[in-house]
Amino acid sequence: MSTTMDANSPLSSRRGFLAKAAGVAAGSAVLALATIPPGAVEAAPGPSVLALDGTKVSQELRDLVHALQDADEILIAAHAAYDAEYVRYREWLKQQPEPTGPSRRAYRRWDGRQKKYMRGNNFFATQDAHEVACRAHRDARKAIAEYRARDMNELAHKACLVCVFEGGFDDKPRGYMKPIMAMGVALDLARMSAGVSA
């Protein structure tokens, strides 16, 4: 039985709508955090306590978001560079397939050609740069996860950051990532629900 979901099915349409809605909300939250300076808009009555208000977010969280944005741009570029090198390596493998016979001599010759190829391009350099970028991105997300939200507004912003940087609602490749910030949001929500102070 086929497990492919019909793109026109109600479930598929609903998931697509939710993904787009979350992406829009998350993008708006990050934009608010990144572009509205503290104190630029005076507090005024009217908005709901659950409304996203970037002007009421602490400078500490703003700085953490800027650091994550920088790390995200570097990771996306590093991933693209590494992916391009990997594609070239796969093309080389098609032209120089690994021997499948029992001859050790043939394998040693092939292995020598492979090592020469790997040393002669940027494969290892881009691989190392990608690993460094992944660690920096993880550390930036961990810092936000460990930041204790002061109120529901900040918690909502943290949740939106999850959608942008861990939720996969855009088409920017970042590779596999553990949902570190999502766990931080869950911890904050549990803490607030239990009435535990930061």
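Both backbone and side-chain heavy atoms feed into the values below; hydrogens, waters and symmetry mates do not.
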### Summary
To the nearest 0.5 Å, atom OH of Tyr82 lies from atom CG of Asn122 at 13.5 Å
### Task
Can you measure from CD (Gln69) to CG (Leu161) and round to the nearest 0.5 angstrom?
8.5 Å
### Task
Indicate the ring-plane relationship of Trp110 and Tyr107, choosing parallel, tilted or perpendicular according to the 30° and 60° boundaries.
tilted
### Task
Calculate, to the nearest 0.5 Å, the distance between atoms CG and CD belonging to Leu61 and Glu154 respectively.
5.5 Å
### Task
Could you pull out the closest heavy-atom pair between Ala133 and Ile74, with the gap in Å?
CB-CG2, 4.1 Å
### Message
Would Lys158 and Arg148 count as a side-chain contact (heavy atoms from CB on, under 4.5 Å) here? Give the steps.
### Response
CA-CA 10 Å; Lys158 286 182 65 175; Arg148 296 282 70 88; 3.8 Å; yes
### Query
Rounded to the nearest 0.5 Å, how far does OH of Tyr89 lie from CG of Leu93?
4.0 Å
### Message
Closer than 3.5 angstrom, by distance alone: can the side chain of Gln96 be matched with the main-chain N or O of Arg113 as a donor-acceptor pair?
### Response
no
#### Entry: Heavy-atom closest contact (Asn153 atom, Lys56 atom, distance)
ND2-CB, 3.8 Å
### Task
Looking only at non-hydrogen atoms, find the nearest pair between Ala71 and Ala140 and report the distance.
CB-CB, 4.2 Å
### Task
Heavy atoms only: give me the nearest Thr126-Glu85 pair and the separation to one decimal.
OG1-CG, 3.5 Å
### Task
Mind listing the closest non-hydrogen atom pair of Gln114 and Trp92 along with its distance?
CA-CH2, 3.3 Å
### Message
One pair to check against side-chain contact (heavy atoms from CB on, under 4.5 Å): Arg88 and Tyr117. What are the steps and the verdict?
### Response
CA-CA 11 Å; Arg88 283 190 280 271; Tyr117 170 83; 3.8 Å; yes
### Query
When you measure from the side chain of Arg104 to the backbone N and O of Pro102, does any donor-acceptor pair fall under 3.5 Å?
no
#### Entry: Closest non-hydrogen atom pair, Ala129 against Ala78
O-CB, 4.1 Å
### Query
Would you call Lys94 and Glu91 a salt bridge, using N to O less than 4.0 angstrom?
yes
#### Entry: Point-to-point distance, once rounded to the nearest 0.5 Å, from OH of Tyr86 to CD of Gln127
10.5 Å
### Message
Before you tell me yes or no, could you show the steps for His130 and Leu75 under side-chain contact (heavy atoms from CB on, under 4.5 Å), namely the whole-Å CA-CA distance, both residues' side-chain angles and the distance that decides it to 0.1 Å?
### Response
CA-CA 7 Å; His130 184 257; Leu75 177 57; 4.2 Å; yes
### Query
How far does CZ of Arg90 sit from CG of Asp83, to the nearest 0.5 angstrom?
11.5 Å
### Message
Applying side-chain hydrogen bond (donor to acceptor under 3.5 Å, both in side chains) to His137 and Arg141, what does each step give before you reach the verdict?
### Response
CA-CA 6 Å; His137 198 274; Arg141 289 182 293 114; 3.0 Å; yes
### Query
When you check the gap from the basic side-chain N to the acidic O, do Lys115 and Asp111 get nearer than 4.0 Å?
yes
